[in-house]
Number of protein chains: 2
Amino acid sequence: MISMWSLADKMENWIKLLLEETDERFIKIRRSELARHFSCVPSQVTYVLSTRFIPERGYRVISRRGAGGYIRIERLSEADLLDRLEQQIGDTISAQEAAEIVGNLHKAGLLGEDVAQYLGLLLSDEVLQLPEITANRLRARMVVALLTNI
Amino acid sequence: MISMWSLADKMENWIKLLLEETDERFIKIRRSELARHFSCVPSQVTYVLSTRFIPERGYRVISRRGAGGYIRIERLSEADLLDRLEQQIGDTISAQEAAEIVGNLHKAGLLGEDVAQYLGLLLSDEVLQLPEITANRLRARMVVALLTNI
DNA sequence: ATCACCCTTGACTATCCTTGACCTTTCTTG
DNA sequence: CAAGAAAGGTCAAGGATAGTCAAGGGTGAT
């Protein structure tokens, strides 16, 4: 029953704590600082981020290199609910159904009005102009990608 | 989670502030003054202007050398920017180009951050999963539809 | 004991920013 | 004009970050 937590685990928990403590949905931090805080090499941070803070687990990471670089770790919303929706969709979906889902996500407050509007536009048959089967499969991929990134 | 802005970022923001505060569509300033204000070498100003205040992001810079020289930074009209982008697109466009355009539209303030993120996602090769030529044509339709509806 | 699967480390790479020496253009003055 | 002063421009080197990858280290299951 000795130190049951690997360094990666500790770092994961620390980051999640920071995410809870902030008022925003994200934190911005320097990779090298995080590494120094845990007395490890910077690439360890990259490892933790790429194995744990991924869309499938409800997170997204954006970073910038060079002087003034940073890492931004963002928590995505309502992962569970979106998972279930994802199941429902399967791998093909009509323009109408897609529009409805986007509309519902908007009503649920998970998508802003402009976002919903632009997405609806790009999911329409007029813009896609593809054979129905192809279009429906593509739409399914688009909506699923959307759900995993909200 | 400090303010983490590079000098270049600060200068960019400062210039944008000046542009907002003036009644004109442009500002006229001396490179050396700007440099002194930020305690840096003048060529740093040139760097910021050439990486951030470019037509693709909705700006144009005109300058004159010699005694009495100046730099004039102008914000393009929305219509100019959209026209220019539409030209650039034509009827086929790669994922990378599409992502850049969306990013620029965001930096130009015409798209919110969320919108930009979702659009970038839906324009990616990973989501489209179509033959390159088909994908590039579709992307062109999507981005043009977007531009038309901004 | 061995295998599989993480985790950890560090050398190398990619990207972005900052600085300074040197160049070009325009104006002012004699 | 010619020369000097007063701008802005170019470019390459170096600094500050973050990313990639492959080799090696634990640890638990078989």
Side-chain angles (χ1 to χ4, degrees), chain A residues 1-16 18 26-57 59-74, chain B residues 1-16 18 26-57 59-74 96-97 99-100 103-104 106-107 120 126:
Chain A
M1 199 51 150
I2 320 163
S3 76
M4 216 157 39
W5 305 88
S6 69
L7 171 55
D9 291 331
K10 285 182 212 154
M11 194 181 294
E12 178 184 3
N13 292 331
W14 173 260
I15 292 172
K16 287 183 174 169
L18 290 183
F26 64 89
I27 59 169
K28 227 168 159 186
I29 196 170
R30 250 178 242 163
R31 188 177 79 147
S32 53
E33 272 181 19
L34 203 42
R36 209 172 40 248
H37 184 265
F38 285 97
S39 307
C40 66
V41 293
S43 58
Q44 178 70 4
V45 177
T46 307
Y47 171 75
V48 171
L49 294 179
S50 65
T51 53
R52 290 147 155 88
F53 293 87
I54 54 181
E56 287 75 16
R57 298 202 181 178
Y59 297 91
R60 173 170 37 199
V61 174
I62 298 173
S63 63
R64 222 177 80 181
R65 308 188 183 192
Y70 59 83
I71 296 177
R72 175 185 145 147
I73 307 166
E74 182 185 357
Chain B
M1 262 263 278
I2 332 105
S3 60
M4 282 192 303
W5 300 83
S6 68
L7 171 55
D9 291 332
K10 286 183 212 154
M11 195 181 293
E12 177 185 3
N13 291 333
W14 173 260
I15 292 172
K16 286 184 174 167
L18 290 182
F26 63 90
I27 60 169
K28 226 167 157 185
I29 196 171
R30 241 174 250 163
R31 189 177 78 147
S32 54
E33 270 181 20
L34 204 41
R36 209 172 39 249
H37 183 264
F38 285 98
S39 307
C40 66
V41 294
S43 58
Q44 178 71 3
V45 177
T46 307
Y47 171 75
V48 171
L49 294 178
S50 66
T51 53
R52 292 147 154 90
F53 293 88
I54 54 181
E56 290 75 20
R57 297 195 185 176
Y59 298 91
R60 176 169 43 181
V61 174
I62 298 173
S63 62
R64 244 182 72 183
R65 309 187 182 191
Y70 60 85
I71 296 177
R72 176 187 146 136
I73 306 167
E74 180 186 358
Q96 210 173 7
E97 292 170 309
E100 201 175 318
N104 286 334
H106 169 226
K107 283 170 186 150
E126 294 73 35

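A, B, ... follow the sequence lines: proteins, then strands. Residue 1 opens every chain.
- The aromatic rings of A:Y59 and A:F53 sit perpendicular to each other, their planes meeting at more than 60°, with 30° as the lower class boundary.
- Taking atom CD1 of residue A:I29 and atom P of nucleotide D:dA18, one finds them 10 Å apart after rounding to whole Å.
- Separation of atoms CD1 (B:I15) and CD1 (B:I73) is listed at 4.0 Å; rounding is to 0.5 Å.
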* To do: Output, in order, the C-alpha distance, side-chain angles, deciding distance and verdict of side-chain contact (heavy atoms from CB on, under 4.5 Å) for A:Y47 and A:R52.
  => CA-CA 8 Å; A:Y47 171 75; A:R52 290 147 155 88; 4.2 Å; yes
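- Under a cut-off of 6.0 angstrom, the local environment of CD in B:E33 is crowded, with over 12 non-hydrogen atoms contributed by other residues, nucleotides or ligands.
- The distance between atom CD1 of A:I71 and atom C1' of D:dT17, rounded to the nearest whole Å, is 10 Å.
- If you take OH of B:Y70 and P of C:dT25, they are 16 Å apart, rounded to a whole angstrom.
- What separates CG of A:L49 from P of D:dG19 is a distance of 7 Å, to the nearest Å.
- Interatomic distance, A:R64 CZ to A:R72 CZ, rounded to the nearest 0.5 Å: 13.0 Å.
- Dashed line: the shortest gap from a side-chain N or O of A:S32 to OP1 or OP2 of D:dA18 is under 4.0 Å.
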* Summary of protein contacts for nucleotides 11-21 of chain C, nucleotide by nucleotide, where a base hit scores B, a sugar-phosphate-only hit scores S (4.0 Å, heavy atoms) -> ---BBBBBBB-
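- Separating the CD atom of A:E12 from the P atom of C:dT8 is a distance of 12 Å, rounded to the nearest angstrom.
- No N or O donor and acceptor, one from the side chain of B:R30 and one from the base of D:dG8, sit under 3.5 Å apart.
- If you measure from atom CG of A:N13 to atom P of C:dC7, you get 12 Å, rounded to the nearest angstrom.
- The main-chain N or O of B:D9 is found under 3.5 Å from a side-chain atom of B:S6 such that the two form a donor-acceptor pair.
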